[in-house]
J.: 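The structure follows.
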Amino acid sequence: QVQLVESGGGVVQAGGSLRLSCAASGRTFSWYAMGWFRQAPGKEREFVAAINWNGYTSYADSVKGRFTISRDNPKNTVYLQMSSLKPEDTAVYYCAAGGTLIVVQSNQADYWGQGTQVTVSS
């Protein structure tokens with residue numbers, strides 16, 4: 001099994017930047033596609049970004065051009081660099097791991113982190 005721990009959340013002004021980190025432990029990190037999801041109060045969890053073992057990435061339309069997902073396999077870590085943040089980006093952000101990019105994007109990841117809060121003030 002895989003354990004995922006997110007960090008890097010906080011409060012930032014609109015237009016600012018944050019970088020989230022997700023540290024993985026357990027089974028070999030490089031075997032998994034990784035992704036980020038977010039959930040705002042009263043809303044469903046939604047896909048944000050994903051990356052496979054070879055560096056292929058996918059993004060939700062709402063974050064394209066603003067967010068960048070990356071991974072460092074030797075460090076067992078995936079990152080989400082967030083720029084030009086908007087108040088609507090406010091949510092709890094979750095890290096996820098799954099066998100393929102499709103599995104992760106479809107909200108069917110095998111493993112999930114506990115979440116980290118991101119608050120963007122206007």
Side-chain angles (χ1 to χ4, degrees):
Q1 61 180 357
V2 173
Q3 296 80 46
L4 304 173
V5 180
E6 303 95 333
S7 62
V11 180
V12 65
Q13 283 269 69
S17 300
L18 281 175
R19 189 177 77 160
L20 305 183
S21 298
C22 174
S25 62
R27 298 189 181 277
T28 304
F29 175 75
S30 61
W31 289 356
Y32 295 92
M34 304 294 296
W36 288 95
F37 291 75
R38 65 188 183 186
Q39 186 169 29
K43 296 184 178 180
E44 297 294 322
R45 185 170 61 195
E46 65 175 351
F47 169 74
V48 175
I51 185 168
N52 75 355
W53 65 270
N54 198 36
Y56 179 86
T57 58
S58 179
Y59 297 93
D61 289 341
S62 60
V63 305
K64 286 181 179 177
R66 300 190 298 121
F67 291 10
T68 301
I69 188 171
S70 62
R71 66 191 297 166
D72 187 338
N73 288 342
K75 296 182 178 179
N76 292 346
T77 302
V78 63
Y79 305 96
L80 184 68
Q81 178 66 51
M82 305 183 294
S83 300
S84 301
L85 284 162
K86 305 173 181 179
E88 52 262 44
D89 295 320
T90 295
V92 176
Y93 283 70
Y94 297 92
C95 180
T100 68
L101 209 63
I102 292 174
V103 165
V104 171
Q105 291 181 164
S106 67
N107 206 16
Q108 298 296 315
D110 297 305
Y111 306 100
W112 296 87
Q114 82 290 344
T116 186
Q117 177 72 48
V118 172
T119 302
V120 183
S121 61
S122 60

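All values below come from the heavy atoms of this structure, side chains included, with hydrogens, waters and symmetry mates left out. We're numbering straight along the sequence, starting at 1.
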J.: Compare every heavy atom of I69 with every heavy atom of W36, then report the nearest pair and how far apart it is.
T.: CD1-CD1, 3.6 Å

J.: Answer yes if V12 and V48 sit in the same cluster of Ile, Leu, Val, Met, Phe, Trp and Tyr residues linked by side chain heavy atoms under 4.5 Å apart, and no otherwise.
T.: yes

J.: Hydrophobic clusters join Ile, Leu, Val, Met, Phe, Trp and Tyr when side-chain heavy atoms are under 4.5 Å apart, directly or via other members; which others share one with W53?
T.: none

J.: Closest heavy-atom contact between I51 and R71?
T.: O-NH1, 3.4 Å

J.: Testing the basics here: between Q117 and A91, what is the closest heavy-atom pair and its distance to 0.1 Å?
T.: NE2-O, 3.4 Å

J.: Quick check for you: to the nearest 0.5 Å, what is the distance between L4 atom CG and T77 atom OG1?
T.: 10.5 Å

J.: So, for M34 and A97, which heavy atoms are closest and what is the spacing to 0.1 Å?
T.: SD-CB, 3.5 Å

J.: Which hydrophobic side chains are connected to Y56, either touching it within the sub-4.5 Å cutoff or through other members that do?
T.: L101

J.: When you measure from the side chain of Y79 to the backbone of T68, do you find a donor-acceptor pair of N or O atoms at a distance under 3.5 Å?
T.: no

J.: Return the set of residues passing side-chain contact (heavy atoms from CB on, under 4.5 Å) with V118 (not counting sequence neighbours), or none when no residue passes.
T.: L18, L20, M82, Y93, V120

J.: Who clusters with V104? Use side-chain heavy atoms, under 4.5 angstrom, across I, L, V, M, F, W and Y, and order the result by chain and number.
T.: F37, F47, V92, Y94, W112

J.: Could you tell me the separation between the CD atom of Q3 and the CG atom of N76, rounded to the nearest 0.5 Å?
T.: 11.0 Å

J.: Restricting to salt bridge (Lys or Arg N to Asp or Glu O under 4.0 Å), what partner residues turn up for E46, sequence neighbours left out?
T.: R38

J.: Show me the pairs that pass salt bridge (charged side-chain N to carboxylate O under 4.0 Å, His left out) and involve residues 95-108, at least two apart or across chains.
T.: none

J.: Check G9 against T116 and note the closest heavy-atom contact, atom names and distance.
T.: N-OG1, 3.3 Å

J.: How many angstroms lie between atom CG of D110 and atom OH of Y32, to the nearest 0.5 angstrom?
T.: 6.5 Å

J.: For S84, which residues count as a side-chain contact (heavy atoms from CB on, under 4.5 Å) partner, sequence neighbours excluded?
T.: R66

J.: With sequence neighbours left out, write down each residue that passes side chain to side chain donor-acceptor pair (under 3.5 Å) with K64, or none if nothing qualifies.
T.: D61

J.: Please list all pairs passing the disulfide bond (SG atoms under 2.5 Å apart) test where one or both residues lie in residues 39-90, with sequence neighbours left out.
T.: none

J.: Mind jotting down which residue pairs meet the disulfide bond (SG atoms under 2.5 Å apart) criterion with at least one end in residues 8-122? Sequence neighbours excluded, please.
T.: C22-C95

J.: Check whether Y111 and L80 end up in the same hydrophobic cluster, where Ile, Leu, Val, Met, Phe, Trp and Tyr are linked by side-chain heavy atoms less than 4.5 Å apart.
T.: yes

J.: Considering only residues two or more places apart or on different chains, which pairs with a residue in residues 42-88 satisfy disulfide bond (SG atoms under 2.5 Å apart)?
T.: none

J.: In chain order, what residues pass the side chain to side chain donor-acceptor pair (under 3.5 Å) check against S121, with sequence neighbours excluded?
T.: Q13

